[in-house]
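What follows is a short report on a single structure.
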Number of protein chains: 2
Amino acid sequence: MHCLVMYFCAMQKSSLYKGCLEPIVLRLLKDNGRMYGYSITQKVKEITKGELQITEGALYPLLHKLEAEGIVETAVESVGNRMRKYYTLTKAGTKQTQAAMEELQAFMESLNLIINPKTTIA
Amino acid sequence: MHCLVMYFCAMQKSSLYKGCLEPIVLRLLKDNGRMYGYSITQKVKEITKGELQITEGALYPLLHKLEAEGIVETAVESVGNRMRKYYTLTKAGTKQTQAAMEELQAFMESLNLIINPKTTIA
DNA sequence: AACAATGCATAATTAAATTAGGTATTGTTT
DNA sequence: AAACAATACCTAATTTAATTATGCATTGTT
């Protein structure tokens, strides 16, 4: 008799620290060139092995905001009978992404100084 | 003639990603044992070399919330004629801090997977 | 036929900041 | 002595950015 019991570790799907979603989306667009909303949610799940999960209620309004700001531009396409709204970075968006990455990087380094203080060697 | 021109790099004093302040405060209290509000703001500035700056408008309400939740307990002391309200983690607070650190750590690792994707070696 | 997955969207609410004040004491500079 | 910066606390109004809970429609799977 097979009795396969599987224990899963918490897999918190921890909610994002607010403000991080935008840089994440910008980065994904930079790396992947051309994405639609749903594919962004899936990509994040894939990369983080399910650890991070972005909600549609946060994502779509953000994408609309980015479009209104000229950071991204859109093109609607039909796959079969289902529509996809593709987003790509504009030139301004690419620049903005660079800045956002530097800011996030700097922030994470600062955070690390606090959270993982270096034990002074010697 | 001396003409000393100094260029400062941006030193953004980047505003926090929301939700990060609580874990930061918990961590500082864990590491330093006993702090008062103003000393927390100074410690963060010191550790991050001025890069991170926490605002009092965010800090004090947070400390009050933590106190109401039983995460920290307070003791008011007078230094000269000036009062200081010292905060220390309660037992529950220490446990909470541990959990917060693990969650933040996990989040940062996930974020790193997205922001600094590993180039597959070989 | 029912359900999960794909794909878009919005509205109401909540959480956590920012911004902009306020009070008072102490130390430093002009 | 006056002015200012630093130390030390606080709060209120507003803004930002999520969550939660919906809704609609198509496609694939059980």
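Chain letters run A, B, ... following the sequence lines, proteins first and then strands; every chain starts at 1.
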Give, ordered by number, those residues of residues 29-38 of chain A having at least one heavy-atom distance below 4.0 Å to an atom of DNA chain C; if nothing qualifies, reply none. A:Tyr36, A:Gly37, A:Tyr38
Ignoring backbone atoms, establish whether A:Tyr60 has a side-chain N or O less than 4.0 Å from OP1 or OP2 of C:dC8. yes
To the nearest angstrom, how far is A:Phe107 atom CZ from C:dA17 atom C1'? 12 Å
D:dT11, C:dA17, C:dA9: which one has an atom nearest the side-chain heavy atoms of B:Pro61? D:dT11
Is A:His64 close enough to C:dC8 that one of its side-chain N or O atoms is under 4.0 Å from OP1 or OP2 there? no
How would you label the contact of A:Leu21 with the nucleic acid (heavy atoms, under 4.0 Å): base, sugar-phosphate, or nothing? sugar-phosphate
With respect to B:Tyr36, which candidate in B:Lys85, B:Arg84, B:Glu77 satisfies the side chain to side chain donor-acceptor pair (under 3.5 Å) definition? B:Arg84
Nearest-neighbour nucleotide for the B:Ala58 side chain, C:dA17, D:dT20, D:dA17 considered: C:dA17
When you measure from the side chain of B:Glu56, which nucleotide among C:dA9, D:dC10, C:dT18 comes out closest? D:dC10
Rounded interatomic separation in angstrom, taking CD1 from B:Ile54 and C1' from D:dA8: 14 Å
In residues 73-82 of chain B, which ones come under 4.0 Å of DNA chain C, going by heavy atoms? B:Asn81, B:Arg82
Nearest-angstrom distance from the residue atom CG of B:Leu66 to P of C:dA17: 10 Å
